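Structure record follows, encoded as structure tokens.
Predicted model only: the values in this text are computed from it and were never measured.
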Amino acid sequence: MELHKESSISCSSAAEKYLIDSMNEIKLFSPATVANVSCGFDVMGFCLDNVGDEMVIRKVDQKGIRITHIEGFDLPYEAELNVAGISALAMYDALDIDFGFEIEIYKKIKPGSGIGSSAASAVGSVFGMNELLNRPFNKTQLTEFAMKGESFISKCEHADNIGPAIFGGFVLAKSVAPLHILELPSPKDLYATIIHPQIEIKTSESRGLLPNKVPLKNAITQWANLGSLIHALHTSNYQLIGSALNDVIVEPYRSKLIPHFNEVKNAVIKNGALGAGISGSGPSIFSLNKGLKQAETTKKVMHDIYGNSGINFDIHVSKINTKGVKIIND
């Protein structure tokens, strides 16, 4: 893989530059994401602002990649079995350096939640390493490395979680071979409300429910909705955003795994939300709203439905995060 053409720093010179820098570690926030966005199955996603993992990436003398600390959930410490480690190893193999990296993971996104838990891990490790190396790789290249980790979980390479976590905002993955990520605008008053029922749906199992063939009329409806959604984002047409959030191909199958999905979707739209759908492979349900006040109203509607369900849940209200993964201070 070639280095970022806009940078004059090679892998070896980046390593040399790093060795004389005083910064040996960074702490970062790797955000949760919503993938598919109803009509954009496997190609579209957006980034959340106040939900995500924290990670510490540290440069060490010993060569290789090691995961030294994990909090929050029981995940493997072996780098080759951990999403963060797999993406880090993919990037490390593209470098010519005589030192290594340690990774600490403070996991706050529950695995299997449908809001990009594995993507956050994959993105955080490569972003942190790249920062400590003085950014030899561009965002597209980081996405390619991170996809290696994500595919370990989902059993296929797709960038609708990885892309928004790295680029921020809304993105469209035009293709993965070769990788081509399109950044889309985020209307300034757009907010997301996400409810996460505390049940687990594995991405690989959820994909197994999907049909191999779809009727042509459904395909036509789906790509018309996707095109309309992209146009609506460019023009800040909130009404069109709502009418475009309609999935006729995937949602009818996956929604059966999510308790009260149709009840939640219908209720939030009735109470003013623009639209709603499955976040990723579920079980989280997302809704897009015009304005914070409406997003909070949507939160209450979701809470009232699940409050009587006997199922534990979390609800998040978030502005669209247009920056993506970022360095944070203690």
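- Counting heavy atoms of neighbouring residues, nucleotides and ligands inside a 6.0 Å radius, atom CD of Glu80 exceeds 12 of them.
- With sequence neighbours excluded, the residues satisfying salt bridge (Lys or Arg N to Asp or Glu O under 4.0 Å) with Asp304 are Lys300.
- At a threshold of 4.5 Å between non-hydrogen side-chain atoms, the residues Pro283 and His196 count as touching.
- For Asp42, the salt bridge (Lys or Arg N to Asp or Glu O under 4.0 Å) partners are Arg207, not counting sequence neighbours.
- With sequence neighbours excluded, the residues that form a ring-ring contact (aromatic ring centres under 6.0 Å, His included) with Phe170 are Phe46.
- Screening residues 239-251 for salt bridge (Lys or Arg N to Asp or Glu O under 4.0 Å) gives Glu251-Lys265 as the qualifying pairs, with residues at least two apart or on separate chains.
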When the side chains of residues 174-185 are checked against the rest of the protein, which donor-acceptor pairs come out under 3.5 Å, sequence neighbours left out?
{"from": "Ser175", "atom 1": "OG", "to": "Pro178", "atom 2": "O", "distance (Å)": "2.4"}

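- Contact annotation: the side chain of Ile199 never approaches that of Ile258 to less than 4.5 Å [non-hydrogen atoms, C-beta and beyond].
- For His260, the ring-ring contact (aromatic ring centres under 6.0 Å, His included) partners are Tyr306, not counting sequence neighbours.
- Sorted by first and then second residue, the salt bridge (Lys or Arg N to Asp or Glu O under 4.0 Å) pairs with a member in residues 270-299 form an empty list; sequence neighbours excluded.
- Applying the ring pair (Phe, Tyr, Trp, His ring centres under 6.0 Å) test to every pair with at least one member in residues 221-259, sequence neighbours left out, gives no pairs at all.
- Residues satisfying the side-chain contact (heavy atoms from CB on, under 4.5 Å) test with Thr297, not counting sequence neighbours, are Gln294.
- Applying the side chain to side chain donor-acceptor pair (under 3.5 Å) criterion to Asn289, with sequence neighbours excluded, gives Thr193, Thr298.
- A search for ring-ring contact (aromatic ring centres under 6.0 Å, His included) contacts involving His69 returns Tyr106, not counting sequence neighbours.
- Partners of Glu54 by salt bridge (Lys or Arg N to Asp or Glu O under 4.0 Å), not counting sequence neighbours, listed by chain and number: Lys27, Lys108.
- Without hydrogens or angle criteria, Asn225 side chain to Asn246 main chain gives a donor-acceptor distance under 3.5 Å.
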